[in-house]
Amino acid sequence: MTKDDVADALDEIGTLLELKGENTFRTNAYHNAARLIQQLPGDLAQMVADGKLAEVRGIGEALALKITTLVTTGNLPYLEDLRASIPAGLVKMLRLPGLGPKKVKALHDLLNIDSIEKLKAACESGEVAKQKGFGAKTQTRILEGIAYIDQVGHRVRIDLALPLGQALLEQIRTFPGVIRAELCGSLRRRKETVADLDILVSSANAQPIMDAFVKIPEVIQVLGQGPTKSSVVAGLHVHGTKVTLQADLRVVEDTQYPFALHYFTGSKEHNIRMRQRAIDRGLSLNEYALANETRSVPCKDEADIFAALDLPYIQPELREDTGEIEAGELKKLPALVADSDIRGVFHNHTTYSDGTASLEEMALAAKKLGFEYFGVGDHSQSLTIARGLPSNVVRKQWAEIDRVNAKLDGVRILKGSEVDILEDGSLDYTDELLAGFEYVVASVHSHFGMTEAEMTARVCKALSHPAVTMLGHATGRLLLKREGYKINLDEVLKVAAKHGKMIEINAQPSRLDLDWKYVKQAKAMGIPIVINPDAHSTGELALYTFGVQVARRGWLTKDDVFNTRGLADVMKELARRKQNPIV
DNA sequence: GCCGTTTTCGGCCCGACTGTTTTCAGTCG
């Protein structure tokens, strides 16, 4: 059982207990434990075996026992019993906006409703509105929610959400009376996907801004409008995709803005820690102030708030309560890598395989972005669907690279390949041909259905090959579409560290693996990370920025990322690795 | 369910908005 599986089980227990009407502090303990497990570094089974589980703050005797049962047996009778006692439809009903555990439980107790279908029928017949605590508006809202959940009740990738957020923000900034305005929430923390947009504005007069906001052309529906907070559904076409998201706008006084900015940036878990920190110092922190009955600490920006709580400024990407508070106390927060640190890229495609631009076009586009090197990583021969290169074409490409390099100025093409890791873990070219590349990206593109043990062994075998420089997209996931293949990344990282291999952050916004939680782990193990756009066109080279965001969420500094090095340094290191592979 | 130099019991972050209410519970973030 993976950490994610265990976390899912604990989350489910928390949710089911909520539906039973349990004390929220108890249910929160489960949700909190789920988060802790997910972000735990190292091997969970090993921790369980060593009896180290209860040492984690937030996991006590009861949770340690349940987690141990889950990890060692693969299931948990306590969860099975809970599931059996609560209809699965109730959990689905929780996804409807405006319906929480209390209302879902009431609907079940009063009207025996245990599915969205039954709920819809009961609303349409007017039964729901007759119940105590419910009314006509709630009934309508539920029906709207059932329709809404099909359209927008889902998460959206950051590359699609960001343009919509920025479109709204730009218009809001032109409203009269707006002093400061920013996108907050998970978008500001640069999560891979977001569920909604949080927009914060400071102004002396909120009402006109509220009124103007709901009239923005992108606004499809107004969900709610109060004196300082409005919620809408907004939509925009981004690269041909219709993006629809809920957007919440909050307006505060300008003196309150830093507190609100911090508050609405989250994460919730980070905020709870910060609040606790304020309480420890005899103060109360909320979205308006850091104060108590006798005094209020003025803060002109977020840095002042952190300083008032004896912390250095913490970048939004780190605010997940995964150690940033503790690192801040010790003055050990990383100086995060930035877009401007990236000097080149390694994993890209040209017209030789499934790219849309020539070698020279790609190299010139890379130069335009300020890169010193452009690494070609076209597909290898067995990936015929992507026109993988047979060995004779590889040699032809090398000759062209030499010709183009001879006339290029200020950018150099590096001879690489994205070599398939075959079913048995061997590589898709002969050792002789592999020796001719300046570097090799090894990736899995086939047989996704293997067991975890098989896939782990396959990738680990490839990583032990001396010709391999780095591992390409580590899990093969497609965000919001397809789970990655089953693989034990803890084991893969161990093998990568042992053989001195690098691991890629694939910057395609639809992929973004290695996931940031493992990026952090890889850094701790001393594994160099490479940020690759996996560009199939000149325009896609710019996607590297989404990889930088993952790197930042994974606490990486410039020194942790291989492609922040200049051309001379990179060529020297690649040559050194070829001379002395660690096997 | 967790946690403890105020502790092994009694706390556990906090405010806006909505709808169904005559003062507040539930939901949401």
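In what follows, chains carry the letters A, B, and so on, assigned in the order in which the sequence lines appear, proteins first and then strands, with residues in each chain numbered from 1.
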**Item:** Nucleotide paired to B:dT8 in any strand shown, Watson-Crick or G-U, under 3.5 Å
**Value:** none

**Request:** For residues A:Q46 and A:D490, determine if any side-chain heavy atom of one lies less than 4.5 Å from a side-chain heavy atom of the other.
**Result:** no

**Request:** Examine B:dA16: is either OP1 or OP2 under 4.0 Å from a nitrogen or oxygen in the side chain of A:S230? Give yes or no.
**Result:** no

**Message:** As a test of reading the structure: which of B:dG1, B:dC14, B:dT27 is closest to the side chain of A:A29, going by heavy atoms?
**Reply:** B:dG1

**Request:** Just say parallel, tilted or perpendicular for the rings of A:Y313 and A:F306, cut-offs at 30° and 60°.
**Result:** perpendicular

**N/O (side chain, A:K66) to phosphate O (OP1/OP2, B:dG1) under 4.0 Å** = yes

**Message:** Does A:K268 reach a base, just sugar-phosphate, or nothing at all? Heavy atoms under 4.0 Å.
**Reply:** base

**Message:** Please find the pair of heavy atoms, one from A:P334 and one from A:K523, that lie closest to each other, and give the distance.
**Reply:** CB-NZ, 4.3 Å

**Prompt:** Touch check for A:S231, heavy atoms < 4.0 angstrom, all strands: base, sugar-phosphate only, or nothing?
**Reply:** nothing

**Request:** Have a look at A:L183 and tell me which of A:L200, A:T265, A:L169 forms a side chain to side chain contact (heavy atoms under 4.5 Å, CB included) with it.
**Result:** A:L169

**Prompt:** Looking for any heavy atom pair under 4.0 Å, which part of the strands does A:D196 touch: base, sugar-phosphate only, or nothing?
**Reply:** sugar-phosphate

**Complete:** DNA chain B nearest-nucleotide lookup for A:P227 and A:Q139: closer to the 5′ end is A:P227

**Item:** With A:V243, the side chain to side chain contact (heavy atoms under 4.5 Å, CB included) member among A:V156, A:D159, A:L162
**Value:** A:V156

**Prompt:** Between A:T138 and B:dT20, does any side-chain N or O lie under 4.0 Å from OP1 or OP2?
**Reply:** yes

**Message:** Over all strands shown, is A:K105 touching base, sugar-phosphate only, or nothing at heavy-atom distances under 4.0 angstrom?
**Reply:** nothing

**Message:** From the set B:dT27, B:dG1, B:dC14, return the single nucleotide nearest to any side-chain atom of A:S284.
**Reply:** B:dC14

**Asked** Roughly how many Å is it from CG in A:L94 to C1' in B:dC28, rounded to a whole number?
**Response** 13 Å

**Prompt:** Does a side-chain heavy-atom distance below 4.5 Å link A:H473 with A:L514?
**Reply:** no

**Asked** Looking only at N and O atoms, is any donor in the side chain of A:Y263 or the base of B:dG15 less than 3.5 Å from an acceptor on the other one?
**Response** no

**Message:** I'd like the C1' distance from B:dG19 over to B:dT23, given in whole Å.
**Reply:** 13 Å

**Prompt:** In terms of the nearest nucleotide of DNA chain B, which residue is placed more toward the 5' end: A:A54 or A:K103?
**Reply:** A:A54

**Asked** How would you label the contact of A:R250 with the nucleic acid (heavy atoms, under 4.0 Å): base, sugar-phosphate, or nothing?
**Response** sugar-phosphate

**Request:** Give the rounded distance in Å between these two atoms: CG of A:N28 and P of B:dC14.
**Result:** 14 Å

**Complete:** Separation of B:dC12 atom P from A:M274 atom CE, nearest Å, is 20 Å

**Prompt:** Is A:A136 touching bases, backbone alone, or none of the nucleic acid, heavy atoms closer than 4.0 Å?
**Reply:** sugar-phosphate

**Prompt:** Taking C-beta and beyond as the side chain, do A:E192 and A:I158 meet within less than 4.5 Å on heavy atoms?
**Reply:** no

**Request:** Check each residue of residues 285-314 of chain A for a non-hydrogen atom within less than 4.0 Å of any atom in DNA chain B, then write out the ones that pass by number, or none.
**Result:** A:N286, A:E287, A:Y288

**Asked** Would you say the side chains of A:Q139 and A:E127 form a donor-acceptor pair under 3.5 Å?
**Response** no

**Request:** May I ask you to say what A:D198 touches in the nucleic acid, namely base, sugar-phosphate or nothing, with a heavy-atom cut-off under 4.0 Å?
**Result:** sugar-phosphate

**Request:** May I have the distance from A:E22 (atom CD) to B:dG1 (atom P), rounded to whole angstrom?
**Result:** 7 Å

